[in-house]
Structures are given as structure tokens and as C-alpha cells.
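The structure appears right after this line, and notes come after that.
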Amino acid sequence: MTAHRNGTRWLRLTALLLVLLPIVFLAGCTLQQYPQSSLNPQADYARQIQGILELQTIWVVIIFALVQGLLIVAVVKFRNRPGAPEPKPVHGNTMLEIAWTIAPAIILTMVAIPTVLTIFKTQENPPPNALNVTVVGHQWWWEFRYPSQNIVTASEMVVPVGKPVRMTIKTADVLHSFWFPAMGGKRDAIGNRENHMWFTPDSIGEFPGQCAELCGTSHANMRMKIRVVPPAEYDAWVAAQQAPPMTPEEGSIEAQGLAIYRTSACIACHTIQGISPGAIGPNLTHVGSRETLAGGMFVNTPDEMEAWIKNAPGRKPGAKMLSLDAMKLKPEQVKPIVAYLQSLK
Amino acid sequence: MATTTADVLHAPAASQTGLWSWITTVDHKRIGALYGITAFIFFIIGGLEATMIRIQLMKPENTFVSPDVFNQLFTMHGTTMIFLAVMPLSASFFNFLIPLMIGARDVAFPRLNAFSYWVFLLGGIFINLSFFMGGAPDTGWFGYSNLTSKAFSPGVGVDFWAVGLQILGLASLAAAFNFIVTIINMRAPGMKLMRMPVFVWMTLVTSFLIILAFPVITVALVFLLFDRYTGTNFYVPSGGADPLLWQHLFWLFGHPEVYILILPAMGIISEVLPTFSRKPLFGYAVVVYSGIFIGFMGWGVWSHHMFSVGLGPLADSFFAITTMLIAIPTGVKIFNWLATIWGGQVRLTSAMLFAVGFIGMFTMGGLSGFMHASPPADLQQTDTYFVVAHIHYVLFGGAIMGIFAGIYYWFPKMTGRFLGEGLGKWHFWLMILGMNVTFFPMHFVGLLGMPRRIYTYPPNMGFDWMNMLSTIGVFVIIASILIFIWNLLSSVRNGKVAGADPWGAPTLEWSIPSPPPPHNFGSLPEVHTLDPLWHKDNEKLRQDVNRITGPIHMPPNSYWPVVAALGVTMLMSGMVFGWAVGIPGLLLAFVGIYSWAFEPC
């Protein structure tokens, strides 16, 4: 009997801990500590998912405590004692078995209904005023196109707060998966297909994301960020991106860089509007305005950019960008190019 | 309780010894042992691959292995654990136990059984040779198209993988047909289907899943090999293909495969729990029907692996509901196991600890599985460490725990000696501690945004300490495995001697000596009940089965299955190695199969 009572007290304590711990844990998880957390929704889509997750967590904790509790109590309470009578050879109990078939079925129904409702709600057509953004996965960086605004950029997308964003998701090579945890769930980028999702970001900030489908050597280095900004800031960003690339002053180091760029191998892969037509690597028309380089791997400073151009394959395993030798560039030619590219705000 | 019937009127056939007797053996017990030892070695290899993965991820921006090697390691870890460790470990139990449990002298096709083993061994070696011959496969154990196409994976790794899986599939198919025929046709008189032990039932269901699921992956792999070798475009988007074809075919195989991995372990603990609770399995019929239902339902849920591909709301809802439905028979099984323990007299032997551990850990895996059965939640969880946690609670906490329960339970039957109980308990407690330290934090690191299959992560993501914890846990698991190996090696020679029925168990295999004689049963048992050795007539049965009443014909040893297996493997590996290996393989296979067919038995 004492064993039994101890067992139930222990069980109650465990159950309490089990319910409290995840709540304490989740409450303690801030975006500063865990910037890519899926538990800090910042858009309607992510919030709807969070609702399902919370509902499930409650049931999971209850069932977990029940099963583990029963298991421990059974093993402790019925452990072999010398001289105990042979156990009754019970072969089953129809009522009990029906009960524990129906009980899970009821719980599942209670989760299945909101699940199906949420599936349809999150996949319905976006509002007509939605901002269209096409994202294209490349090995190993993300390209963002704003078809109505005629903007092409890479690794960072900028959207105004409170406006629905409709993503069209495509790939240039293998499968990728587009994922901003703060905005909502993943959607794969699949060859010969166009995928869609939409969300309405509801708070200002910068949120990281990254490719979630194995896509080769540098899968880990295929990162991106979304900058949710006030509408006025967004309009300014659009205007800046739509402007033609800055023309450097005659005689400056930037002008020297542009001259080298024009005759280098760079133009085969990169676009700078009006200057080079390449379409393999990221569009560089406003590369100086971006915060990161190389698929979100490095901060976009002149030093990092120089190190990147000098040894791209060494800094990002598998990178398609050629080494300096292969591009037939001399090391002293890199600095002017960097100065020019950095000036493309 | 065990009366010694070992020496009752039993004339042992001369047991052969020596390497040649093992190579040519067709005895299901020896083949079971070969399967077990080989699969355990592959389990160690897969474990070392996992250890290297965890060392790489121990801290941010680590450079222990290169990204390409990392991709090879997780691909081979998954492939090895599924096809070369857990499946053949289960096959080891099928081989050793099925004839003993149904009261037969061997399987229906003993030489085909030997053939299965040798094809498995050679296939396993073949796929691992890739490490030394230009790089192991690196596109994940699921090998999603079109990363596997020649354009994006020009090396031989994917060829090794695709051909290797074809070879291993052959071994699995041959074994599965063998066990289906054995179970259907060779049960002892009176053993109706509903008097078969649950383990036999689960073997039957698993075997049917294998013969239905492996053809699907075979077709998928043939398409892939055509793409890579002859330039077809089954999966190549630039040639107009839809790469999702691969995903549908793969998971149509892949989800039943999940049950191929877990149902045998469920069968094992359904034998262990009643014995050590001294109480029959609660709701035998319901447990059996649940297993069958899970086997059927396993065919209707494959797209829950693909919620993120965008199948549309209707398909998402359908597969969410079928997936949740599977939770019902699974839950029923768990409650039936609990009710088996409840009211019993529980002996916490090592085998029982692992069986109880299975229930606890598998429940965790089931609950996280229930969470990503809901597509909206899954879209945040899929391809993150949350799913890594889930599969390891199911396959490590489930399948591996169940297999260890089976090893501790049947080792005395296989060898005549107990595994050390003290070391067994150390093994269990360290393993359950290690697996929770390793895998529990993965739930959280996944929800906090860490994707799977990334070889590194930046320091400012908050992933650091949980990854460190997971890596530490791996070394606790390694310690537990070392204890097990020590236990195994010392107990084979010096373990406490076990009688015919050391645990007081209910099923037929315990009525004959440990280890059983080559012919198993002197005369075939007559079965009138589900738990024959717990029935009041059990003394008579124990004596009868060991009494030789007539001539016993056992199949002679044969080396033709080995020749045929070598030939078939060489023939198929010629896809990678070229004609010089393929043509001799073809000849060898022909000679082997021809001679085998006309060999007197």
C-alpha cells in the first residue's frame, strides 16, 4: 500500500513538472537567444500553426504522463515478491479494450478537426492586395524577385509590415525548401513546379531562415533573412532598388573597379543592370545595399567581400563561384572591384 | 519450474564444427546467429558514423569532417542502420525463432535461407566499399531526386547506393517469402493461426510488408539507374520529369518499411512481457489485429512524409487523418502491454527492463509522431531535428530496445548460457540514460529552428549547448554498448548455464534443450492452446517433443547457395564495377543456381 501511495505522489509530482517545464522553457525562449525559433510566430500563418502546436502539446503531455505513470506504477506495484500467489491468468477485458480504443479516437478527433480547418485556412487564396514575391532556390543561395516592382535581389527579402505576402517558390536546380520559421511553415522548391504560400508579417524586425531540404555540399550555408519594415521604409527600399546602378566618378577607385569588372569573367554569371547580363550568380545591381554575402554566410563588409572574391570555393564548400585563378583575375584587381560593388547601394 | 527434459530420450545429431560447416550451413539456428553477428557489426559501423556526425555538430562551425564527408556519413548512417542493422537483426530473430516457435525442424526453404544471408552480407560489404572507391553515397538515405541525377551527383556514390539497395532487397525478398511459406505451412499440428505466438504473427505481417514494399523501391531504383546509366529522364526536370515521382515511390515503400522495422520489436516484447509478468498477454487477439491493421494502414499514409511539397489541402487533410488513425491501434497495443504487466508478478530481468524501456521510449516517439501527423505543425517540424528526435525514439528507443530485450531473453536458448544480469542492468540504465540525453534535446533544438542534415551552424543561433548535450549522450550510449559486448563475449564461454526453460516461459521453443539440437524437435509437438508450456499438460509435451520416434531427415549442408549469392551479387555489382565483374558473376550465378536445383536433398 505504501508503495502504491508513494507511486501516486511521485506520479503527481512528475505530471506537474512535465506540464510546467515546457511552458517555462518556451516562455524563456526569446528571439534574441534563438533567432530562428519556430516558437516565436511573427505572422498570421505562423500563429495559426502555433495554435495547433499548443493544443497538441497539452494532449501529448497528458498522455505521456498517463502512460509513463501507469508503466512505472505497474512495474513497481506488481514487482515480484517472494511467496506471492500466482497472478490471475487474465486474457483480456472487452470493455477495457473498447474503452482504450475509443479514448484515443476522441482525442485524435479533437486535434483532427482544428488541423483540417487550419490546413484549408492557411492554403486558401491570398487577399488580392498581396505583395507578390518569387523566390528561386539555387545551389546554395536564394534569389528574390519582385515581378511587379521589377526588382531582383538575393539572400534578403524586404517586406512592409501588415501587408500579405504571396510567395511563388521555384528552383533553378535541385530541391530546396523555403523556410522562415517566424513567418510559418516550409514549402519545397521543386523542378517543373511552382509552389505557393502566403503570410502577413505582423511585427517589425529581421528574421533568419534557411534551406530545409538537403541540396548538396553547402546545404548548411544556404541562409536568408526577411526584413519586415514600416511601409515608408519599404517604399524607400523599393525606390532604391529600382534605380539604375550608381555610376562611379571618373578617376575614382570605383571607376577602376568597374573597368576591371566589365572585362572580367564576372560578367558571365552576374547581372549588373545595363552593364553585365549574366544570370547564374546573384544579381549585383544593388549588392552594396545588402547586409550579407554568399547565401547569408558572411556580413557584407569590404573585407569580407574581398576575402570572398579571392577564394570563394575555399570559403564556401562547393560554391559555384570560380577561384581567382580560374577567373584570370590578379589579386590586386580585387580591391577596386570590391570598392565598385560596395558602392552599388 | 523447469524440469530438465534436456536428456530425455534425445539423441543429438553430431554437431559439426569449423569454418566450412558455418559457410555451408543451412540450419536456421546457425543462419540466425550469422545474421545476428553480421548485423551487430554493421550496427557498430553505423554507430561510429553517428558518433562522427555528433562530434562534428558538437560545437558551431566545427571542422572535424568536411561537408562532403558529413553528407556521406549521415547517408550511410541511415542506410546502414535501416538495411544492414535493424532489418537483419530482426531477420536474425525470425531465423532462429520461427521454426522453434511453430514447432518445426527448419524453415521451408533452408538453402534459400542461406542464400538470403549471403546476399545480405555481400550486399552490405558492397555498399560500404564505396567509402574506399570514390566516395560513399551522399544524398541521404531517402535519395531525393533530382539531387541523385548524374548532373548533380556525378560520382559513383549514388550508383553504389542504388545497386546496393537492389542487392539487399533481393535478400529481404527471398527471406520474406521463406518465412511466409514456413509460417503458413509448417506449423505444428493444432497450432491454428490464432494460437501462434505474437512474434510469429508480427513476422508474418512484416514478411508480407516486405514482399509488397520492396518491389516498389525496386522499380524506383531501376528508374534511377536508367536515368544515371542510359540518360532517361524519369526524374530529371530538365527532361520534363516531375521529381516528385521519386518521393511518391520512395515513401510508398518507405512508410511500410517503418513498420518492417518496428513490428518485429513489438512481437519480441509481446513475448517478453508475459513471461516476466507471469501472466498471458492481455488481449492477444486485439494485439494481433492491431498489428495487421497497422500493416494495412501503413500503405495509406506515405504522403505524410511530403506535406511540405504542396499537395494541396485535400491531400494534406486525407493523409493527416489516415496518419492519426494509425495512432489508434498503436495506442491499443501500448495499453494492452501495460495491462499485461498490471496484476502480474514482475521480474525485472534485463530482458524485462528493455521491454519496459521499449514501452516508455516508443510512446515518446509515438507522441511526437502524432504531433507531426498534423500538417500545419509538421510544416514547422519536418526536416528539422524534431523529426530526428522522433525517428530515434521510434527506432532506437523502439526497435533497438526491443531487439536487446530479445537478445537477453533468447540468448540462453541460443547458447545454453545466460547473459550476465548485473552487466545487463548496467547496459540498460546507461543506454536509456544515453539515448535520452542524446535525443531529447533534439526535440527542442528542432523547434528552435535547426534543420536536419546541415554539417554546421553559426554560433549565434542558440543551438550550441543542446548539440553539446546530444554529443555527450552518444558517449554514454557507446559505454553501454561496450558493456554489452563485454557481457556477450564473457557469457558465451563463462555465462551461468541455463536449462531448457530458464525463465518459465509459455511458448514452444522452451520445451527443447538449450541450445536446441540440429533437428529441434524429436517429434513434432501437438498444440492445443496459446500458451502450451503454461498449460497443465506441459510436462507431457516437454517429454514428447524430445522423444525421437522415427527417422529424422534434415537437409544436408550445401555450398551452392553461397556460390549463387556470390554470383548474383557480382552480377549486380557489375553495374558499378563493369563487365569484368558482371560476366563472371552471371556465370557463377548460373552454375550456383543450376547445381543447387539438381542437388539431392
Side-chain angles (χ1 to χ4, degrees), chain A residues 29 33-39 48-49 52-53 56 60 63-64 67-68 70-71 74-75 78-80 84 87-92 97 100-101 104-105 108 111-112 115-116 118-120 122-123 174-175 177 181 185-188 190-192 195 210 212-220 317, chain B residues 66-68 71 140 144 146-147 152 237 242-244 278-280 282-284 286 308-310 313 316-317 320-321 324 327-328 331-332 334-335 338 341-348 356 359-360 363 367 370-371 374-377 379-380 382-383 447-449 451 453-457 461-462:
Chain A
C29 290
Q33 282 174 288
Y34 305 103
Q36 202 161 282
S37 170
S38 71
L39 303 173
Q48 283 156 349
I49 292 178
I52 296 276
L53 185 73
Q56 287 178 322
V60 161
I63 299 166
F64 175 84
V67 172
Q68 309 289 358
L70 281 173
L71 185 62
V75 169
F78 299 104
R79 71 180 178 277
N80 189 32
K88 260 189 277 174
V90 187
H91 280 98
E97 287 170 65
W100 63 52
T101 310
L108 288 169
V111 176
T115 287
V116 171
T118 309
I119 291 173
F120 278 90
T122 53
Q123 296 189 28
V174 299
L175 303 190
S177 193
K186 300 172 191 71
R187 217 19 125 210
D188 293 352
I190 301 163
N192 284 349
N195 253 329
Q210 76 184 92
E213 186 70 80
L214 176 65
C215 55
T217 308
S218 257
H219 167 52
Chain B
S66 74
D68 287 321
N71 290 357
Y144 271 9
N146 52 334
L147 187 59
F152 296 102
D242 184 349
L244 282 192
R278 290 206 60 70
K279 222 170 128 269
F282 193 92
Y284 166 86
V286 176
S308 67
V309 306
D316 283 358
S317 304
I321 289 167
M324 289 187 186
I328 297 174
V332 166
I334 288 171
F335 285 117
L338 285 173
I341 305 175
W342 200 270
Q345 256 193 49
V346 177
R347 284 178 290 163
L348 281 178
V356 171
I359 301 177
T363 302
L367 289 172
F370 155 68
M371 292 174 84
S374 173
L379 290 176
Q380 288 283 24
T382 187
D383 278 314
L447 289 174
L448 294 173
R453 304 171 188 126
I454 54 172
Y455 76 91
T456 193
Y457 50 92
M461 304 299 273

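In what follows, every chain begins at residue 1, and chains take the letters A, B, ... in the order their sequences are listed.
- Using a 4.5 Å cut-off between heavy atoms, A/K186 touches chain B through backbone and side chain atoms alike.
- Put simply, CZ on A/R187 and CD on A/Q123 are 5.0 Å apart, with the number rounded to the nearest 0.5 Å.
- Taking the side chain as every heavy atom from C-beta outward, B/F370 and A/V60 approach each other to under 4.5 Å.
- For the atom pair CG of B/L244 and CG of B/N146, the computed distance is 10.5 Å after rounding to the nearest 0.5 Å.
- Annotation: the span from A/S38 atom OG to A/L53 atom CG amounts to 7.0 Å, rounded to 0.5 Å.
- In terms of heavy-atom pairs under 4.5 Å with chain A, the best-connected choice from B/G331, B/P376, B/A377, B/G462 is B/P376.
- The only option from B/I334, B/V356, B/T363 that meets the side chain to side chain contact (heavy atoms under 4.5 Å, CB included) definition with A/L71 turns out to be B/V356.
- Contact annotation for B/F282: both backbone and side-chain heavy atoms come within less than 4.5 Å of a heavy atom of chain A.
- A/S37 contributes no side-chain N or O that, together with a main-chain N or O of B/G449, makes up a donor-acceptor pair within less than 3.5 Å.
- Contact count versus chain A (heavy atoms, under 4.5 Å) is highest, among B/P67, B/P243, B/G283, B/S308, for B/S308.
- For A/T122, no part sits under 4.5 Å from any heavy atom of chain B, backbone or side chain.
- Here CD1 of A/I63 is found 11.5 Å from CD of A/Q68. Values are rounded to the nearest 0.5 Å.
- Contacts of B/F335 with chain A are made by both backbone and side-chain atoms, with heavy-atom separations under 4.5 Å.
- Most heavy-atom pairs under 4.5 Å with chain B: of the set A/K88, A/Q48, A/E97, this distinction falls to A/E97.
- For B/S66, no part lies under 4.5 angstrom from a heavy atom of chain A.
- Note: A/A84 leads A/S218, A/P104, A/A84, A/S177 in heavy-atom pairs under 4.5 Å with chain B.
- Scored by the side chain to side chain contact (heavy atoms under 4.5 Å, CB included) test, A/A220 finds B/I454, B/Y455, B/T456 as partners (sequence neighbours excluded).
- Both the backbone and the side chain of A/L108 have a heavy atom closer than 4.5 Å to some heavy atom of chain B.
- For chain A, the option among B/L348, B/V286, B/V332 with the highest count of heavy-atom pairs below 4.5 Å is B/V332.
- In terms of modelled atom types and a separation under 3.5 Å, the side chain of B/K279 and the main chain of B/V346 share no donor-acceptor contact.
- The contact between B/N71 and chain A is made entirely by side chain atoms (from C-beta outward), counting heavy-atom distances below 4.5 Å.
- In terms of non-hydrogen atom pairs under 4.5 Å with chain B, the most contact-rich of A/T118, A/L175, A/I52 is A/L175.
- Heavy atoms of B/L147 lying under 4.5 Å from chain A belong to its backbone as well as its side chain.
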